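Single-structure report; data block below.
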Amino acid sequence: MKCVFVTVGTTSFDDFIACVSAPDSLQKIESLGYNRLILQIGRGTVVPEPFSTESFTLDVYRYKDSLKEDIRKADLVISHAGAGSCLEALEKGKPLVVVINEKLMNNHQLELAKQLHKEGHLFYCTCSTLPGLLQSMDLSTLKCYPPGQPEKFSAFLDKVVGLQK
Amino acid sequence: MMCVLILAAAAGAVAAFLILRIWVVLRSRDFTPRESLSILVVAGSGGHTTEILRLLGSLSSAYSPRHYVIADTDEMSANKINSFELDRADRDPSNMYTKYYIHRIPRSREVRQSWPSTVFTTLHSMWLSFPLIHQVKPDLVLCNGPGTCVPICVSALLLGILGIKKVIIVYVESVCRVETLSLSGKILFHLSDYFIVQWPALKEKYPKSVYLGRIV
């Protein structure tokens, strides 16, 4: 059972949820070989109706304490461009498509999506270009994501604050 | 006429004194060796909290007690913090009796809030942040960019300016800032003791920042 996990983190991203749950998007997702779509909608006001047919299931929820399980079970993650959501998916080695919210302040999320795309770790698009991207993308070209190194932070901080071992 | 002159001179003297204090506080680096230090962590919503908890996770138990500051409307961060602390206590029994505290202050700015109203909400947050900082008197403030952190850091700076306590202010710009700084970053770049960026393009633009690579 191939599963797509859609997440907007703690935000509200109605355009994205509306776009991905529209009938033609669902058809496209099914035609690409997926038979389950999970929508984590956060604070959004667009709440699609969940359903389950023989060939396809749509689940919808707002929040969970941890998205680890849903990410782990997913074959594809389509996420808003929040750093937390992106990193969680990348660290689990999942193919990641990021959808930019063009209505956010200075569209700062675009920087991270662009950089990680440049490094070959994800694909990105806007709501309007999502269907096109889903059709044309080749997930096998995505590269593994090396995790960050917080130990460098602790080494630096210990030194500058004068912590003795 | 004399009164006006005297008042003007007094105002000028106070201003000069304040500027001097600000300059001294911003310049001073506290190198006293120590065994532990209390830390105040500003946890913004969503990813900000995730990032800051990853940074905290790498710090030893010498950084305690830990005081967390979250926006009053943010339950998700409170849950994440409690899980983080429980997890930490589980993994390291010596941490079992380390106390941590969660404090709540009003948000400086909601997502998409208009800028004029933001001035008022930020001032309101400042009014409430200073008593908190004054009560806690942390050795170090750690933050990574949510609007909530500006009043907190300014309050911490004020503690130093008033000669009450020098607080080390450490700002880590979020990993999602690759080419440009956040608004909080632009403000706090000049007010923090250590300003850490996670991408080389920012280090180039802000040579005085600290670059350690990607740390979350």
Side-chain angles (χ1 to χ4, degrees), chain A residues 7-13 42-43 62-68 79-88 90-91 98 100-101 103-119 121 145-165, chain B residues 29-37 39 45-51 53-60 62-63 74-77 79-80 83 109 111-113 115 139-140 142 145 168 170 172 174-183 193-194 196 198-199 201-202 210-216:
Chain A
T7 171
V8 302
T10 56
T11 68
S12 156
F13 194 178
R43 283 189 291 130
R62 288 197 178 276
Y63 301 106
K64 273 186 187 167
D65 281 342
S66 166
L67 303 179
K68 281 195 173 74
S79 163
H80 79 134
S85 304
C86 293
L87 296 184
E88 271 202 78
L90 288 174
E91 285 162 358
V98 162
I100 308 293
N101 188 344
K103 294 183 179 162
L104 281 184
M105 176 176 109
N106 296 338
N107 205 356
H108 68 274
Q109 292 182 336
L110 184 55
E111 284 180 26
L112 181 64
K114 266 190 177 156
Q115 179 67 27
L116 293 176
H117 173 68
K118 209 162 94 178
E119 296 183 358
H121 301 303
Y145 172 81
Q149 296 171 289
E151 58 275 11
K152 292 204 168 148
F153 171 70
S154 58
F156 168 78
L157 202 61
D158 286 350
K159 195 175 68 176
V160 301
V161 303
L163 263 182
Q164 288 176 323
K165 290 288 172 198
Chain B
R29 290 279 182 271
D30 200 356
F31 286 128
T32 10
R34 51 181 122 205
E35 285 182 0
S36 76
L37 72 174
I39 182 170
S45 45
H48 284 288
T49 299
T50 305
E51 283 196 54
L53 289 179
R54 284 182 187 209
L55 292 175
L56 264 183
S58 70
L59 297 181
S60 71
Y63 292 84
D74 187 2
E75 266 326 294
M76 182 115 334
S77 290
N79 292 336
K80 280 191 186 157
S83 304
R109 178 181 176 267
V111 176
R112 283 182 224 156
Q113 184 180 333
W115 291 112
D139 295 307
L140 187 142
L142 175 66
I168 304 171
V170 178
V172 181
S174 166
V175 72
C176 65
R177 290 296 184 168
V178 180
E179 307 262 348
T180 61
L181 289 187
S182 62
L183 180 58
D193 292 288
Y194 301 100
I196 300 172
Q198 301 194 53
W199 297 94
L202 283 176
V210 175
Y211 172 64
L212 304 165
R214 234 186 329 108
I215 50 177
V216 297

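A, B, ... follow the sequence lines: proteins, then strands. Residue 1 opens every chain. These figures come from a predicted structure and were not determined experimentally.
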Exercise for the section: Evaluate the side-chain contact (heavy atoms from CB on, under 4.5 Å) criterion for residues B:Leu140 and A:Leu157: first the C-alpha distance (whole Å), next the side-chain angles of each, then the deciding distance (0.1 Å), finally the verdict. Expected result: CA-CA 10 Å; B:Leu140 187 142; A:Leu157 202 61; 4.3 Å; yes
Handout entry: Approximate separation, where rounding is to 0.5 Å, of A:Leu163 CG and B:Arg34 CZ
Key = 7.0 Å
Completion exercise
One should read off an interatomic distance between A:Gln149 CD and B:Gln198 CD, to the nearest 0.5 angstrom, of 11.0 Å
Fill in the blank from the handout: Counting heavy-atom pairs under 4.5 Å with chain B, the top scorer among A:Ser85, A:Ala83, A:Pro150 is A:Pro150
Exercise for the section: Taking the side chain as every heavy atom from C-beta outward, state whether B:Leu142 and A:Phe153 have any atom pair closer than 4.5 Å. Expected result: yes
Problem - Student check: side-chain heavy atoms of B:Ile196 and A:Phe156 closer than 4.5 Å - result: yes
Closest heavy-atom pair and its distance - [X], [Y]:
X	Y	result
A:Leu87	B:Val216	CD1-CG2, 4.0 Å
B:Val178	A:Gln115	CG1-OE1, 3.6 Å
B:Ile168	A:Val161	CD1-CG1, 4.1 Å

Problem - Heavy-atom donor-acceptor pair, A:Glu111 side chain to B:Glu179 backbone, under 3.5 Å - result: yes
Practice task
Sort A:Pro146 into side chain, backbone, both or neither according to what part of it lies under 4.5 angstrom from a heavy atom of chain B.
Solution key: both
Handout entry: Toward chain B, the part of A:Ser154 with a non-hydrogen atom under 4.5 Å
Key = both
Fill in the blank from the handout: If one checks every heavy atom of B:Glu51 against chain A at 4.5 Å, the contacting part turns out to be side chain
Practice task
Measure B:Ser36 against the heavy atoms of chain A and call it side chain, backbone, both or neither at under 4.5 Å.
Solution key: backbone
Practice task
Please check if atom NZ in A:Lys64 has more than 12 non-hydrogen atoms from other residues, nucleotides or ligands closer than 6.0 Å.
Solution key: yes
Exercise for the section: Decide yes or no on side-chain hydrogen bond (donor to acceptor under 3.5 Å, both in side chains) for B:Tyr63 and A:Asp158, but give the supporting numbers first. Expected result: CA-CA 10 Å; B:Tyr63 292 84; A:Asp158 286 350; 2.6 Å; yes
Practice task
For the pair B:Arg54 and A:Glu88, find out whether any cationic side-chain nitrogen is under 4.0 Å from an anionic carboxylate oxygen.
Solution key: no
Practice task
Report the option among B:Thr49, B:Asp193, B:Leu37, B:Leu56 that has the most heavy-atom pairs separated by less than 4.5 Å from atoms of chain A.
Solution key: B:Leu37
